[in-house]
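For reference, the structure discussed in these notes is given below.
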Amino acid sequence: MLGEYAWGAGALAYLYRQLGIASRAEAKGVSGCLTLLQCWIYDHFPTLRPSRLEPRELERGQAGAFRWRGTAPRSSKRRDAQMLAYYRQAIDSLTPQSVSWTPYGRSPHLTVRRTLYQGLLRFAEIAEYYDPTGASDS
């Protein structure tokens, strides 16, 4: 059964590593499964969610990224600079009340199927420890 979830472990391990690299002062960009990161941001920070995107119900087995539909505006240097300024201001003005601390409900463990996996997420030479219980946080 773990084999069917191995792609997810690889994507998470790679994203965790790339976010660590991107947080360094000399970093010039970020890579990894940015769709996964984007969906996580939309779930936890509603004020950062583009207004043209409406959440929708998922069909059984459908990936969470399908919850958001819409199209991105065409890119231009001027538009990109405006969006960067907008998001910087939006992030600077976040408050604890503007964060969705429980976007998956108050008891997601009752509605989300358990995988029971705890341990290393590995992909190629990347390994990141995964503990969904949070026991390793203390």
Side-chain angles (χ1 to χ4, degrees):
M1 180 178 296
L2 184 57
E4 71 184 76
Y5 298 103
W7 69 267
L12 281 176
Y14 187 75
L15 179 60
Y16 291 159
R17 177 62 54 91
Q18 294 307 310
L19 290 174
I21 292 169
S23 67
R24 298 179 186 150
E26 67 275 6
K28 300 211 184 300
V30 63
S31 65
C33 185
L34 299 182
T35 301
L36 177 64
L37 178 61
Q38 185 176 11
C39 289
W40 184 88
I41 290 168
Y42 288 173
D43 283 342
H44 289 80
F45 302 96
T47 57
L48 299 179
R49 186 183 308 150
S51 59
R52 70 186 171 285
L53 295 181
E54 296 295 326
R56 64 179 179 169
E57 293 298 316
L58 296 175
E59 295 177 18
R60 182 174 171 81
Q62 206 171 21
F66 287 104
R67 186 175 322 132
W68 306 102
R69 61 178 159 202
T71 57
R74 290 184 178 251
S75 183
S76 71
K77 287 191 183 244
R78 181 175 177 201
R79 173 112 175 111
D80 291 348
Q82 290 171 337
M83 293 304 293
L84 179 61
Y86 167 80
Y87 281 113
R88 282 184 174 164
Q89 191 278 326
I91 291 169
D92 287 345
S93 24
L94 283 173
T95 65
Q97 294 76 27
S98 63
V99 175
S100 179
W101 298 100
T102 55
Y104 314 115
R106 299 211 44 82
S107 302
H109 63 285
L110 298 176
T111 57
V112 177
R113 196 177 121 232
R114 289 182 164 207
T115 63
L116 300 177
Y117 181 76
Q118 178 181 10
L120 287 178
L121 299 177
R122 291 181 282 191
F123 176 73
E125 76 285 351
I126 301 168
E128 298 288 338
Y129 187 72
Y130 175 73
D131 182 4
T133 66
S136 64
D137 295 341
S138 48

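Numbers for residues simply follow the sequence, beginning at 1.
- When every heavy atom of Ala22 is checked against every heavy atom of Ala27, the shortest pair comes out as O-CB, 3.4 Å.
- Criterion: ILVMFWY side-chain heavy atoms under 4.5 Å apart, direct or through other members. Under it, Tyr87 and Ile41 are part of a common hydrophobic cluster.
- Ile21 and Leu34 end up in different hydrophobic clusters when Ile, Leu, Val, Met, Phe, Trp and Tyr side chains are linked at under 4.5 Å.
- Contact check for Leu19 versus Leu37: side-chain heavy atoms found under the 4.5 Å cut-off.
- Using modelled atom types, no side-chain atom of Ser98 and backbone atom of Leu94 make a donor-acceptor pair closer than 3.5 Å.
- Expressed to the nearest 0.5 Å, how far CZ of Arg79 lies from CG of Leu84 amounts to 12.5 Å.
- Val99 has its side chain within reach of Phe45: a pair of non-hydrogen atoms, C-beta onward, lies under 4.5 Å apart.
- Within the 4.5 Å cutoff, the side chain of Tyr14 has heavy atoms near those of the Ser31 side chain.
- Between the side chains of Gln82 and Tyr86, no donor N or O sits under 3.5 Å from an acceptor N or O.
- Nearest approach of Asp43 to Pro103, heavy atoms of both residues: O-CB, 3.3 Å.
- Linking Ile, Leu, Val, Met, Phe, Trp and Tyr whenever their side-chain heavy atoms come within less than 4.5 Å puts Leu48 and Trp101 in one cluster.
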